[in-house]
Amino acid sequence: MSRIHTAFEKEKAFIAFITAGDPTMDKTEEFVYEMERAGADLIELGIPFSDPIAEGVVIQDANIRALEAGASLQKVFDLVERIRKNTQVPLVFLTYMNPVHNYGYEAFFEKCKAVGLDGIIIPDLPFEEKGEIRDVAKANGIDIISLIAPTSDERARTIARDASGFIYVVSSMGVTGVRSEIRTDLPSIIKTLKEETDVPCAVGFGINTTTQAHDIAQYSDGVIVGSAIVKIVAKYGAEAGPHIYEYVKEMKEATVS
Amino acid sequence: MFNGRFGNFGGQYIPETLMNEIHQLEKSYEFYKNDKDFNEELDKLLKEYAGRPSLLYYAEKMTKDLGGPKIYLKREDLNHTGSHKINNVLGQVLMAKKMGKTRIIAETGAGQHGVAAATAAALLDMECEVFMGKEDTERQALNVYRMELLGAKVHAVSSGTGTLKDAVNEAMREWTNRVSDTHYVLGSVMGPHPFPMIVRDFQSVISKEAREQILEYEGKLPAAVVACVGGGSNAMGMFYNFIEDKDVRLIGCEAAGLGVDTDKHAATIAKGREGIFHGMKSYFCQDSDGQIDQVYSISAGLDYPGIGPEHAYLHDIGRAEYVPVTDEEAVEAFEYLARMEGIICAIESAHAVAHVKKIAGSMSKDDSIIICLSGRGDKDVAAIARYRGVKIYE
């Protein structure tokens with residue numbers, strides 16, 4: 001079993017996303033510690049990709065900054081290895097399929113296990129194609145995090161029954177990015193999921209305010225925030241650490257209050 | 001039912017948000033492709049609106065000049081809107097309308113697919129938005145205005161290299177944003193299943209006609225059929241009804257840009273590796289870390305780092321051959337065809353003409369060869385003038 005369950009054991013979880021290597025791998029390492037210290041229960045590390053089709057402009061730009069700064073998959077693995085020496089906070093990757101396929105499935109998941117990763121989120125790997133990596137991920141103790149969309153309908157049940165780690169409930173249509181309003185009927189989606197599985201359900205996409213975090217935590221197991229944190233990195237660059245700490249701290253407090 | 005795989009290639013590697021929609025599209029297509037009313041309506045549009053069947057023209061001067069097999073040109077450039085793209089677009093937009101959609105979105109490289117999509121949207125009363133790389137909106141400015149004249153909204157995409165790949169990224173993002181009333185009219189034999197199959201089927205009219213025409217003119221099948229390949233829709237259309245004719249060589253011409261030994265090319269089969277991108281497993285130009293390459297070709301329509309999964313399969317089983325053709329060779333062929341036959345073809349199609357110029361001399365005079373002239377070249381005249389250093393004032 002991976003460390004992911006520990007994120008949901010005590011209280012509602014706050015899950016923080018950051019693009020690895022933006023602005024540098026050393027800074028990402030520092031930001032991870034800041035986020036954990038501020039109360040983040042699980043950290044998502046985005047592996048920079050040239051064509052992130054599920055991302056909005058904020059994270060697209062972060063991918064470009066990271067790649068231009070020399071990010072590579074090897075450096076992301078090295079980063080996880082260093083982080084894992086200092087903390088047991090659950091760590092998951094967010095990556096697109098091509099870098100994983102390119103590295104080789106066996107080699108990729110063995111490496112994930114070796115460096116101490118816990119799970120993986122792949123936006124362009126729907127349930128139907130999950131067979132491609134299901135066994136090799138499981139053999140290495142890496143949870144494949146399933147995504148549920150506002151359009152999933154009855155698919156949600158099938159996906160939930162096969163889920164492990166946590167379920168990523170996508171709050172809105174479209175790509176990642178901050179939104180002022182979330183219109184999807186999330187409580188009923190989560191109720192459906194709970195009928196099928198005990199795997200925790202966390203909600204992401206568009207969340208950026210303490211009010212949103214608090215509201216969503218009332219009916220889910222956790223809140224996922226990405227673009228809002230990446231925006232802070234975009235704004236403050238190498239000096240973003242304290243600002244990220246402050247933001248994550250208030251979001252975590254709103255999540256558990 | 002077809003599972004969406006061509007050997008190991010194809011599949012549906014797309015966000016969960018689109019999965020129910022893509023399944024619905026599969027179901028709708030399975031219904032409409034056998035539906036009598038739909039097919040009658042589409043045939044009528046193809047015949048009376050698009051101008052099908054397209055001519056199979058015997059290029060006699062070119063044949064004599066090259067001294068090889070009889071060269072025939074499948075004149076997709078004479079279709080309404082000036083390229084083969086209309087074949088697929090009429091099929092998809094008609095189907096989308098029957099599915100209850102009111103809005104279509106499309107990506108475009110050179111603008112041919114965008115213009116065709118905007119045309120079909122105008123004809124069939126659909127809202128239309130086209131995503132086009134910023135770089136391409138500049139080198140194909142006339143097509144942008146053409147789409148706007150037809151009532152479409154054109155989005156210039158500035159992410160990445162601002163070319164076809166980035167336009168596809170943005171169209172996919174927009175589709176996840178608004179899927180309930182919107183159909184994504186993919187323009188090539190790529191993307192997630194069922195698109196490679198749908199686009200191939202709608203484009204297969206090219207080889208269905210060409211096969212009948214060549215048998216009528218020559219009494220036997222051609223030695224080879226040749227087409228340019230970016231994503232590969234005109235090539236797939238040109239190949240499809242000849243796949244079972246094992247003696248007919250199927251030749252796809254990729255854009256080699258400044259040369260396959262430089263980093264300025266878009267020759268996916270020559271230089272790419274298997275990967276997963278834009279919803280499909282296929283071959284892609286990519287670096288050692290699995291990042292998708294920023295490819296290059298003088299031809300906006302071939303400037304794409306991947307290739308449709310059925311082409312990847314035909315390559316793997318050795319049924320089709322894929323060859324690289326450089327910018328310079330394509331421009332020379334563009335000029336050659338204009339002077340030799342009085343036909344200004346698209347710079348994309350000129351890649352196929354260029355390859356035939358290379359191989360005709362070594363083939364038997366008793367045979368014939370068909371080039372798919374996928375589009376007309378009006379859109380490229382300004383760019384060719386620039387390439388040759390000629391100043392023209394529009």
Side-chain angles (χ1 to χ4, degrees), chain A residues 47-57 60-61 63-64 67 70-76 95-104 108 122-133 146-156 158-159 168-170 172-177 184 205, chain B residues 3-5 8 10-24 26 157-161 165-180 182 191-193 272-282 284-295 305-306:
Chain A
I47 296 176
F49 184 51
S50 53
D51 296 84
I53 59 152
E55 312 296 350
V57 177
Q60 283 178 44
D61 288 348
N63 278 273
I64 293 167
L67 289 171
S72 67
L73 191 47
Q74 190 54 52
K75 288 180 186 170
V76 179
T95 179
Y96 289 81
M97 263 310 258
N98 201 53
V100 182
H101 177 270
N102 179 65
Y103 200 88
F108 183 90
I122 310 180
D124 58 350
L125 186 78
F127 178 75
E128 281 75 355
E129 305 292 358
K130 197 175 164 185
E132 193 127 349
I133 57 167
S146 302
L147 292 121
I148 299 288
T151 50
S152 292
D153 296 330
E154 285 303 304
R155 294 170 53 78
T158 316
I159 295 169
Y168 191 133
V169 180
V170 174
S172 311
M173 299 296 290
V175 294
T176 56
T184 310
F205 268 47
Chain B
N3 69 355
R5 291 276 174 178
N8 185 35
Q12 295 178 313
Y13 301 89
I14 50 170
E16 169 62 21
T17 306
L18 294 174
M19 286 307 289
N20 264 328
E21 179 65 21
I22 212 108
H23 286 160
Q24 187 53 50
E26 250 179 285
V157 178
S158 54
S159 58
T161 38
K165 166 189 79 138
D166 310 292
V168 174
N169 289 346
E170 214 50 42
M172 283 189 165
R173 288 181 184 125
E174 174 55 24
W175 204 25
T176 61
N177 193 40
R178 190 170 154 188
V179 74
S180 64
T182 300
H193 173 66
R273 283 178 290 118
E274 188 188 290
I276 297 172
F277 183 51
H278 280 167
M280 58 182 169
K281 184 180 281 185
S282 189
F284 296 95
C285 294
Q286 55 185 310
D287 72 8
S288 59
D289 218 30
Q291 306 291 342
I292 305 300
D293 278 341
Q294 304 194 335
V295 292

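Below, read A as the first sequence line, B as the second, and so on, with proteins coming before strands; counting in each chain starts at 1. Keep in mind that this is a model prediction, so the values were computed, not measured.
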- request: Check the pair Ile122(A), Ile133(A) against side-chain contact (heavy atoms from CB on, under 4.5 Å), reporting the backbone distance first and the verdict last.
  value: CA-CA 11 Å; Ile122(A) 310 180; Ile133(A) 57 167; 3.6 Å; yes
Examine whether an atom of [X] lies under 4.5 Å from a heavy atom of chain B, and if so say whether it belongs to the side chain, the backbone or both; otherwise answer neither.
X	value
Ile64(A)	neither
Pro52(A)	both
Pro123(A)	backbone

Margin query: Any side-chain to backbone donor/acceptor pair from Arg173(B) onto Glu55(A)? Under 3.5 Å, distance only.
Written below: yes
Legend entry - Side chain Thr184(A), main chain Pro150(A), donor-acceptor under 3.5 Å: no
Under a 4.5 Å cut-off applied to non-hydrogen side-chain atoms, are [X] and [Y] in contact?
X	Y	value
Ser152(A)	Glu16(B)	yes
Met280(B)	Pro192(B)	no
Tyr13(B)	Lys281(B)	yes

Ranked by heavy-atom pairs below 4.5 Å to chain A, first place among Gln291(B), Met172(B), Gln294(B) goes to Gln291(B)
If you tally heavy-atom pairs under 4.5 Å between each of Asp287(B), Thr17(B), Asp166(B) and chain A, the highest tally belongs to Thr17(B)
If one checks every heavy atom of Ser288(B) against chain A at 4.5 Å, the contacting part turns out to be backbone
So, the part of Glu274(B) with a heavy atom under 4.5 Å from chain A: the answer is both
Under a 4.5 Å cutoff for heavy-atom pairs, which residue among [options] has the most contacts with chain B?
options	value
Val57(A), Val170(A), Leu67(A), Val100(A)	Leu67(A)
Gln74(A), Met97(A), Glu132(A)	Glu132(A)
Leu73(A), Leu125(A), Ile53(A), Asp51(A)	Asp51(A)
Glu129(A), Glu154(A), Met173(A)	Glu129(A)
Gly56(A), Ala149(A), Gly174(A)	Gly174(A)

Which word best sums up how the rings of Tyr96(A) and Phe49(A) line up, parallel for under 30°, tilted for 30 to 60°, or perpendicular for over 60°? parallel
Decide whether Asn169(B) and His278(B) meet the rule of one side-chain donor and one side-chain acceptor closer than 3.5 Å. yes
